[in-house]
Amino acid sequence: MFRRFLSYMMILGALIVAGCAAPMFSNNQKNNSAILARSLSAAKTIENPYNRAAALEDIAIVYGSIGQFDKAAEVASTIKDPLIKAFAFSNVGEKAWKVGKKEISITLLSGAQDSILSVENDHVKAYTLTLLAESYNTVGDKGKASEVLSKAYEAAGKIGDDHLKAYDLTLIGEKYSKIGDKKRSGEVLSEAYQVAQGIDDREARITIMDMIAHILAEDKQFDQAFEIIKNIDVSFTKAAGPDRISDLYMTAGNYEKAVETAETIQNPYTRTFTLARISLDAWTKGKKEQALSILTRSAELSKSIEDEYTKTLAMDRVAWGFAESDQRQIAVEMAQSIENEFNKDDALERIAVRHAESGEFGKAVEITGTIKDTYYRTFTAIRIADLYLNTGKNEFAEGTINQALEISKNIPEENRKNKALAAIAPIYEKLGKHKIAIDTARSITDPHLKNMALFRITSWYTDSAQYEKALIWAEIIEDPYFQASAYTQIASR
């Protein structure tokens, strides 16, 4: 099958001269304008309207990134979906602002506003105008941001559904706070809270209350946030408030207060995850003794959970936490104690990879051998092979990826096997094994995953600034969405 493809140099020659007004690559330089023109050509053939709009949005943004704002606006204006069109104009507008093109920036944001105002659905209009207000705030025009928020508030007032109305009002209140209008923010959040009281759906009502509490907590209004949390009587949702507030204490480096807040979470599953997260942050900040103390508490808590399913998920998380904290023997022991085979293999995979990341490849390979599920064992070997590559140990990388390919043959589910092959093909290409890479990609029976594999290879060449080869692989991609995305990515670098 590989013989049916042109040689690399022949393909490259075709890319440079075949029907292009300007070559995409010449004199060891890529021509971003020509590449984007090729991307645009591919995008126009995408059948799925949403994917086509998303591809055009990306192209418009990259045109903005290289300073071609007229072309960016031209592409954005061709997008049919009014919301994606608005996002395109908004993103390009922010880029224009960053390079000092203030008038162009405001014009582009106005294009976004016009597109949003054409939307008939009041909820969608209110929500998107709120996002646009954030863009105006980003470019330093708080007056325009406030004006757009007024329009968003007006649209929200027309919404008949209390849930959607309360949601939009909550977001509007948050944005008012971010532009510094605390008074108006408080008024709108109070209205959102009042509307939320009328929501019939209990879970929906509580979700809005949780959002409001989080916004207040971010603004350091902890007492008001806890007052709202008191009215939440669903354990998982009720846990979200203290969970988020503990995050804020954690970010400030106040681990004692973070743990104290986490311990108020009634649901032991959420409490386990929150403590594990605090522990990891403390570890990365050098508070190692404190981190291990918190993680040990999290481990004890996970083992006390009565429901077996949530217990195994919690133990999986804690095992990974020990691995991240260089307590990898404890991590393995905890992982091995997990009864559910799926979660056990998940934990062992992450622990093995963590060993490899630390340069302990022998131990990583040893743990990989204890993983029973062929899919997990395959992906663990793939990730270890990639890490071998990153350290320049190509011989070991090749041996490991060969093992991964062999193991993948025993994966019973076709979709999971295809996912594995899509991850294996790029590793072979990184090793310079072009024939095996293309053969592996072509053996994938699912068209989406096949094109994803080709896209990943293109992305790797793009990330490593090997644009000539990236262009070759981009041309091989059959799906126009993935192909357009590949070309857009190349032009963006």
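All residue numbers refer to positions in the sequence shown, counting from 1. Values in this document were obtained by computation on a predicted structure and should not be read as measured data.
Using modelled atom types, one finds no donor on one side chain facing an acceptor on the other under 3.5 Å when comparing Q489 with T458. Looking at S464 and Q466, their side chains do bring a donor and an acceptor atom within 3.5 Å of each other. In this structure, a donor-acceptor pair under 3.5 Å is absent between the side chains of S246 and T274. In this model, no donor atom of one side chain and acceptor atom of the other lie less than 3.5 Å apart for H123 and D161. Side-chain contact annotation: Y487 with E475, donor-acceptor N/O pair under 3.5 Å present. With no hydrogens or angles considered, a side-chain donor-acceptor pair links Y461 and E429 at under 3.5 Å. When only modelled atom types and interatomic distance are considered, S135 and S90 share a side-chain donor-acceptor pair under 3.5 Å. E174 and S185 are not linked by any side-chain donor-acceptor pair at a separation below 3.5 angstrom, with hydrogens and angles left out of the test.
Applying the ring-ring contact (aromatic ring centres under 6.0 Å, His included) criterion to F455, with sequence neighbours excluded, gives F482. Every ring-ring contact (aromatic ring centres under 6.0 Å, His included) that F273 has, sequence neighbours left out, goes to Y269. V99 pairs by the side chain to side chain contact (heavy atoms under 4.5 Å, CB included) definition with F69, K101, not counting sequence neighbours.
Salt bridge D81/K85: absent, no basic N to carboxylate O contact under 4.0 Å.
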